Amino acid sequence: MEVTIKIFRYNPEKDQRGNYVTYKVEAHENDRVLDVLEYIKGKIDGALSFRRSCAHGVCGSDAMRINGRNMLACKVLIRDVGANITVEPILGLPIKKDLIVDMEPFFDNYKKVLPYFINDSPLPADGRERLQSPEERARFDETTKCILCAACTTSCPSYWANGEYYGPAAIVNAHRFIFDSRDEAADQRLQILAETDGIARCHTAYNCTEACPREIKVTKAIGEVKMAIMTGKLD
Amino acid sequence: MANVHQFDVVVVGAGGAGLMAGLYASRGAKTAVISKLYPTRSHTGAAQGGISAALGNYEEDKPEWHTYDTVKGSDYLGDQDAIEFMCSEAIDAVLELEHMGLPFDRTHEGRISQRPFGGHTNNETGKPVRRACHAADRTGHMILQTLYQQCLKNKVNFFDEYQVLDFILVNGRAAGVVAVELATGELHTFHAKAVIFATGGHGRIFEVTSNAYAYTGDGAAILLRRGIPLEDMEFFQFHPTGIYKLGILITEGVRGEGGILINGQGERFMPKYAPAVKDLASRDVISRAIYTEIREGRGVNGQNYVYLDVRPESVNRYAAMDGRTNPDGSPYTITGEQVLAKLPDIIDFCRVYLGVDPVTQMMPIQPTAHYTMGGIPTNKYGEVVVDDKDTIFPGLYAAGECACVSVHGANRLGTNSLLDLVVFGKHAGLKAAEYAKHTDFEKLPGDAESTARSAFDALRNGSGRENAFDISNELKKVMFEDVGIYRNEKDMTAALEKVRELQRRFKDVGVNDTGRIFNTELLNAWELGNMLEVAETVAVGALNRKESRGGHSREDYPERDDQNWLKHSLITKKDGRLEIGYKPVVITKYQPKARVY
Amino acid sequence: MAKKSRTLSLKERGLTNFEAIMWLFTRLSALGMYALILFALIGALVMGARNNMNFADVMRWAFMPNVSHVQSTDLQSTDAWATPLWRLTASALLLLAAAHGVHGLVVIADDYIAGARAQHCASVEHCFSGCDEPHGFVAHLDFVNLTMDDRRWTMFHGLSSIVYRR
Amino acid sequence: MGLKRDVSLSAGLRYRGPAAYLTYILHRIGGLGMGIFIAVHILASFVGGRFGGILNGIYENWAFQIFIFFCALFHAINGLRITILDLFPKLLDYHVEAIWIEWAVFIPLFGVSVFVIVSTALGG
Ligand SMILES: Cc1cc2nc3c(=O)[nH]c(=O)nc-3n(C[C@H](O)[C@H](O)[C@H](O)COP(=O)(O)OP(=O)(O)OC[C@H]3O[C@@H](n4cnc5c(N)ncnc54)[C@H](O)[C@@H]3O)c2cc1C
Ligand code: HEM
Ligand code: SF4
Ligand code: F3S
Ligand code: FES
């Protein structure tokens with residue numbers, strides 16, 4: 001079938017501002033949008049730039065706005081979006097070129113929530129694993145899935161309004177540790193998230209949950225962090 | 001030379017191996033980790049099934065069994081000293097990951113949960129043993145995330161989105177690397193005492209592959225050009241279960257949980273090929289079995305695929321037939337919910353890409369190019385060795401999929417790669433830091449960047465008569481069809497000819513994008529150059545090896561030939577031509593014998 | 001695997017931060033307003049508002065149980081509405097609504113108006129000082145909170161100044 | 001080099017978010033509407049005179065009453081949903097249903113009110 005695809009283009013070395021270029025290409029309905037982009041890059045305009053690596057939704061490289069909504073280009077098929085497609089960079093991060101945005105502010109926010117395991121207590125005497133029941137493990141299973149694709153944070157109206165907001169991705173990654181029964185720094189992370197640019201900026205707009213390609217219930221994770229701050233209970 | 005950075009140790013690649021190396025090197029030396037992708041985008045994140053270690057959390061298991069299974073899996077081409085080393089370090093390596101916070105699935109006692117995987121057995125009974133430690137079906141993702149997190153915690157220096165183009169060697173020692181910063185297009189020279197390559201594999205030279213776009217063999221190609229040999233390049237693993245046409249991997253864990261393979265006539269065919277372990281035989285065996293079924297007309301609807309069936313009713317039926325039991329002796333059964341809980345990502349892939357729900361439908365699968373067994377030759381400490389006498393190249397290290405220790409020999413067992421990353425990544429990091437401590441910097445040559453720059457210039461100024469996309473597709477097709485699962489003299493000779501023709505045509509590739517900022521067209525073209533380089537070594541190696549062993553099966557030489565071929569091959573590039581040499585296999589405890597499952 | 005049931009103190013969990021507290025306050029005040037509105041509505045109906053007022057006025061009373069709102073309808077006597085109970089209810093509702101509303105406006109202002117570059121324009125006092133007792137009081141309360149923190153203070157200045165996108 | 005981080009209000013509003021995104025926007029408009037207009041209303045009553053009279057005139061206008069009533073009713077009902085879901089995050093699993101319920105409550109209530117306001121305006 002013929003697909004009409006309108007792509008946001010911006011060449012920092014030539015253009016003052018971005019513009020849209022429309023391409024018409026042949027594609028199969030089971031093709032990924034990423035395949036179409038690859039084809040355009042390979043055969044029509046080699047300069048078209050975007051990030052990609054794994055091509056099956058596990059590396060988080062290719063979050064972009066497809067038909068007005070954040071998705072991974074490698075995880076959405078033509079049959080899901082139809083023959084008229086608009087592809088734009090994700091919102092709220094500086095645009096470097098075409099569909100490539102500057103990810104540094106995103107990773108900077110991520111790094112603020114101490115996104116690493118902290119436990120300074122001595123290891124079990126036998127040197128084996130720290131024990132954790134299957135239930136305790138299940139408590140934070142969902143948020144371990146995050147691939148840091150930024151689809152959530154760049155879909156959040158609060159983040160658009162204010163780039164200082166840590167954003168849903170950072171909170172999701174804090175959640176992964178706050179509710180890990182083996183971790184010992186929940187209080188530090190909660191204090192950070194209780195700050196002005198933390199959870200108070202989330203107004204339950206839900207765009208993040210809808211955007212997450214890993215189907216993490218982002219809003220729910222944020223909600224659990226909020227209630228941990230309000231009640232002090234970590235279960 | 002405006003952009004010169006100086007570090008004791010430079011790690012190229014930020015996947016599992018690179019991060020582990022970076023973590024350990026930075027404890028003893030000033031270290032930089034350079035990666036063309038953001039670290040968390042590395043392909044380690046795609047690994048699904050698990051990481052092996054004889055923890056014995058469910059049932060008896062021993063490192064010796066693990067060692068033997070790996071030796072057998074390698075079809076006796078693996079170096080047994082290195083394998084023994086890896087399998088005995090495995091337990092501590094996995095526990096260390098747990099101590100770093102990795103969220104493994106748990107047993108009821110709260111220990112790390114394990115699942116069976118192809119080729120891992122109880123050596124006494126010959127039955128599959130639970131050795132693969134897992135975090136649902138995203139074990140690699142969790143390893144990658146955990147290691148990256150630890151690197152952040154320990155303030156490791158990262159250069160994200162810097163693509164390494166060249167290796168600098170001075171007086172036969174490592175002196176650094178040259179990289180391009182994607183965001184600006186500027187070249188940077190990293191002056192170093194020790195360089196660790198951890199750039200991953202090159203599965204993208206095949207049409208149907210589970211590998212990432214980034215798997216273009218950069219590390220191997222860069223070093224090949226600099227005169228370092230590559231070992232056992234003919235050995236490439238085809239994973240039996242990739243999603244039909246797309247190649248996306250369906251983990252072996254599916255069969256570990258009881259999934260079975262069904263041909264177009266609705267029969268379970270693996271008992272014919274591996275009577276003892278059936279669907280849990282080693283990968284090369286199953287891939288060939290599937291191919292044989294397809295070639296004999298028993299593919300589904302006459303097409304190139306068969307089914308993988310993990311529907312609970314099928315699993316339970318066949319598990320009862322096989323007499324499979326739980327650790328407590330009760331019959332093994334599984335429910336739809338358990339399938340969902342244990343394999344969430346697989347279910348998701350099938351729904352998204354196939355519109356198939358594995359809980360109620362069978363998945364169409366086909367073998368997919370998966371893992372690079374060969375690579376940069378190293379010893380068990382990650383030190384690169386350049387000849388048959390294991391002579392060390394001072395200051396140069398390699399770890400992970402780009403390296404060939406060799407612990408995987410002719411065929412890698414599932415879950416052994418993640419183990420390889422962690423164990424040899426760590427030792428490469430330690431060795432490099434130690435080496436740097438006792439060494440001075442080599443003086444940088446004045447024109448360190450010139451090779452990289454001229455490679456770029458050639459692409460920028462190419463005539464443009466040829467299109468890189470077309471060349472790339474032709475390469476992938478010919479490699480998959482003629483240097484794939486089944487190989488023979490005639491087809492491979494033609495394929496090699498084709499690869500060389502493509503190399504010539506590549507000289508006429510021109511890049512349209514003249515910009516500097518994120519010039520992905522230029523970088524992709526450069527990567528294509530690497531793929532062509534690496535593909536040639538694969539074809540040459542495969543054509544040369546006149547026997548069938550592990551992942552290398554020749555129709556014209558169907559038997560393993562220990563008499564003549566129980567040796568590693570080393571391919572070196574001299575004056576633009578590939579030369580083949582050999583190196584003995586280290587055999588300690590296990591004498592080669594017939595490999596039956 | 002001993003279950004560590006921990007409860008963190010206010011300070012340990014960061015609930016000393018103004019925004020975090022206000023997040024909770026916004027929710028609790030929402031519930032509070034519901035309670036008061038329901039109370040006022042029932043009160044109005046019990047006092048026979050059905051017979052004396054039209055639907056709109058009942059609503060107006062429920063949302064703003066303020067004597068002046070009754071005055072502007074054509075009731076014979078407003079005495080019943082002028083008891084301390086209703087004055088208290090009215091004040092409480094006004095208090096909650098104003099604190100809730102003012103904070104809400106500040107949140108929106110913070111999102112869409114850049115504080116630092118905002119012109120020095122009509123300040124908080126100009127907006128609120130003319131109001132009757134409860135308003136002035138609540139506005140002042142929030143104002144005190146505002147002045148505690150530079151960022152919020154400048155933000156508030158921005159509130160009534162030109163809209164500027166970051 | 002590169003385009004600055006720049007999310008205009010219109011770009012944000014064009015984002016195709018889920019149902020909850022619409023309620024988020026309306027909740028803001030509602031809160032903002034009430035906040036500003038109640039403040040002005042009080043101000044107007046206080047200032048009095050001709051100016052105040054004009055302002056109060058706007059308030060008495062039926063179209064304006066519909067608007068402000070929309071603000072108040074929607075904000076109140078949606079605010080209750082948010083409050084409940086926020087305080088019991090487990091219920092967020094049912095957020096889609098919650099929004100359906102919300103509209104089911106809001107539409108009849110608002111419909112009746114509009115009818116009353118309009119008929120009063122026409123009648124009186
Ligand atoms: C789908 C899939 C599933 C798998 N499942 C399992 C499993 O269950 N168990 C198991 O044991 N193994 C599994 N494997 C194999 C295993 O995951 C890989 O072999 C392993 O992750 C490779 O890790 P690495 O660190 O060597 O490379 P990678 O993780 O791929 O990292 C390569 C790094 O090198 C960088 N790089 C590459 N080229 C350059 C350059 N020119 N300049 C700068 N940086 C560069 C990249 O940016 C990246 O950071 C699986 C593999 C795949 C594809
Ligand atoms: C029963 C009555 C009310 C309820 C249940 C209610 C509920 C809420 C809730 C829960 C929020 C938080 C939104 C968020 O942060 O995500 C909120 C915000 C807000 N409220 Fe109310 N509210 C009520 C009355 C009022 C009144 C009377 C006003 C005006 C004076 C008002 C003005 C605001 C404003 C301006 C916001 C900020 C909007 C935003 O952040 O998006 N509210 N309300
Ligand atoms: S939470 Fe989901 S959308 Fe957000 S960064 Fe992680 S994977 Fe991406
Ligand atoms: S979209 Fe934003 S406002 Fe909250 S629920 Fe998600 S973070
Ligand atoms: S390319 Fe990896 S997530 Fe899309």
Side-chain angles (χ1 to χ4, degrees), chain A residues 11-14 30 32 38-39 41-43 45-61 75-77 79 96-98 100 102-103 107 111 114-119 123 127-134 136-137 140-141 144-148 176-177 180 182-183 215, chain B residues 37-38 40-43 45-46 92 95 98-113 135-136 138 141-142 145-146 149-150 152-153 160 183 212-214 246 248-249 344-345 348-349 352-353 467-470 472-473 511-521 524-525:
Chain A
N11 179 343
E13 282 151 285
K14 289 199 190 116
N30 281 342
R32 298 164 272 213
E38 277 292 328
Y39 179 80
K41 183 175 181 60
K43 297 295 276 186
D45 183 358
L48 174 63
S49 293
F50 49 90
R51 291 189 179 98
R52 87 282 188 262
S53 184
C54 72
H56 65 286
V58 297
C59 77
S61 296
K75 225 188 155 180
V76 55
L77 308 187
R79 67 158 185 258
K96 287 290 193 181
K97 180 180 182 184
D98 296 341
I100 298 182
D102 182 2
M103 293 294 286
F107 280 105
K111 289 170 192 163
L114 314 181
Y116 37 77
F117 186 70
I118 300 177
N119 182 331
L123 292 169
R128 304 280 297 193
E129 57 268 59
R130 291 195 169 91
L131 298 182
Q132 182 172 52
S133 72
E136 286 167 335
R137 167 64 180 75
F140 63 101
D141 183 62
T144 63
K145 289 194 214 160
C146 176
I147 53 175
L148 297 170
R176 178 248 171 275
F177 291 102
D180 185 338
R182 301 167 299 163
D183 187 272
E215 276 152 31
Chain B
L37 305 170
Y38 275 102
T40 56
R41 318 274 186 242
S42 302
H43 210 49
D92 284 342
L95 290 173
E98 199 281 337
H99 296 154
M100 289 176 177
L102 196 140
F104 284 109
D105 289 351
R106 298 287 164 159
T107 69
H108 287 292
E109 293 83 48
R111 301 201 172 276
I112 296 170
S113 174
R138 60 188 120 85
H141 165 78
M142 291 325 321
Q145 294 280 331
T146 303
Q149 292 157 359
Q150 289 299 312
L152 290 181
K153 188 176 177 185
D160 297 339
Y213 277 105
L246 291 174
I248 298 170
L249 193 79
D345 283 3
D348 187 46
F349 294 151
V352 170
Y353 297 108
N467 176 300
F469 188 68
D470 293 338
S472 164
N473 285 342
V511 171
N512 294 323
D513 191 345
T514 52
R516 298 168 67 79
I517 297 172
F518 282 107
N519 191 336
T520 51
E521 185 184 15
N524 291 358

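In what follows, chains carry the letters A, B, and so on, assigned in the order in which the sequence lines appear, proteins first and then strands, with residues in each chain numbered from 1. Values in this document were obtained by computation on a predicted structure and should not be read as measured data.
Your options are A:Cys54, A:Gly57, A:Ser53, A:Ser61, and the one with the most heavy-atom pairs under 4.5 Å with chain B is A:Ser53. In terms of heavy-atom pairs under 4.5 angstrom with chain B, the leader among A:Lys97, A:Lys41, A:Lys75, A:His56 is A:His56. For the set B:Tyr38, B:Tyr213, B:Phe469, the entry with the most heavy-atom pairs within less than 4.5 Å of chain A is B:Tyr213. For the set B:Glu98, B:Glu521, B:Arg41, B:Gln149, the entry with the most heavy-atom pairs within less than 4.5 Å of chain A is B:Arg41. Top candidate by heavy-atom pairs under 4.5 Å with chain B, chosen from A:Lys14, A:Arg176, A:Arg130, is A:Arg130. Most heavy-atom pairs under 4.5 Å with chain B: of the set A:Val76, A:Leu48, A:Ile100, this distinction falls to A:Ile100. Options A:Phe140, A:Phe177, A:Phe50 differ in how many heavy-atom pairs under 4.5 Å they form with chain B, and the most are formed by A:Phe177. Contacts with chain A were tallied for B:Asp348, B:Thr146, B:Asp92, B:Asn512; B:Asp348 has the most, counting heavy-atom pairs under 4.5 Å. When the candidates B:Asn524, B:Val511, B:Leu37 are compared by the number of heavy-atom contacts under 4.5 Å with chain A, B:Asn524 comes out ahead.
When all heavy atoms are compared, the tightest approach of A:Pro115 to B:Leu152 is CG-CD1, 4.2 Å. Taking both residues in full, the closest heavy atoms of B:Ile248 and A:Arg32 are given as CD1-NH1, 4.0 Å, listed atom of the first, atom of the second, then distance. Summarising the geometry of A:Ala47 relative to A:Asp98, their closest heavy-atom pair is O-OD2, 3.4 Å, with the distance given to 0.1 Å.
In this structure, chain A has a heavy atom under 4.5 Å from the side chain of B:Met142, while its backbone stays farther away. With a 4.5 Å cut-off on non-hydrogen atoms, B:His43 touches chain A through its side chain but not through its backbone. Heavy-atom distances place the side chain of B:Phe349, and not its backbone, under 4.5 Å from chain A. For B:Asp470, the part lying under 4.5 angstrom from a heavy atom of chain A is the side chain only. Residue B:Arg111 touches chain A through both its backbone and its side chain, counting heavy-atom pairs closer than 4.5 Å. When heavy atoms are compared at a cutoff of 4.5 Å, B:Ala468 does not approach chain A at all. For a residue to count as touching a neighbouring chain, one of its non-hydrogen atoms must lie under 4.5 Å from one of that chain's; by this rule A:Arg137 touches chain B with the side chain only. The parts of A:Glu38 that come within reach of chain B are both its backbone and its side chain, each placing non-hydrogen atoms under 4.5 angstrom from that chain. Residue A:Asp45 does not touch chain B at all, counting heavy-atom pairs closer than 4.5 Å. In this structure, the portions of B:Tyr353 lying under 4.5 Å from any heavy atom of chain A include both its backbone and its side chain. Contact annotation for B:Asp345: only side-chain heavy atoms (C-beta onward) come within less than 4.5 Å of a heavy atom of chain A. Looking at B:Leu249, neither its backbone nor its side chain comes within 4.5 Å of chain A, counting heavy atoms on both sides. In this structure, chain A has heavy atoms under 4.5 Å from both the backbone and the side chain of B:Ile112.
Proximity of a side-chain donor or acceptor of A:Glu13 to a complementary backbone N or O of B:Arg516 within less than 3.5 Å is detected. When atom types are taken as modelled, the side chain of A:Gln132 and the backbone of B:Arg106 share no donor-acceptor pair closer than 3.5 angstrom. For B:Asn519 (side chain) and B:Gly515 (main-chain N/O), a donor-acceptor pair under 3.5 Å exists by modelled atom type. Here the side chain of B:Asn467 pairs a donor or acceptor atom with the backbone of A:Gly42 at under 3.5 angstrom. Between the side chain of A:Asp183 and the main chain of A:Phe117, no donor-acceptor pair closer than 3.5 Å is present.
In this structure, B:Thr520 OG1 and B:Asp513 CG are separated by 7.0 Å, a value rounded to the nearest 0.5 Å. Rounded to the nearest 0.5 angstrom, B:Arg138 CZ and A:Asp141 CG are separated by 4.5 Å.
Residues A:Val58 and B:His141 form no side-chain contact, since every pair of their non-hydrogen atoms from C-beta on lies 4.5 Å or further apart. You'll find the side chain of A:Asn11 stays beyond 4.5 Å of the side chain of A:Ser49, heavy atoms only.
Ion pair A:Arg182/A:Glu129 not flagged as a salt bridge, since none of the NZ, NE, NH1 or NH2 atoms sits closer than 4.0 Å to an Asp/Glu carboxylate oxygen.
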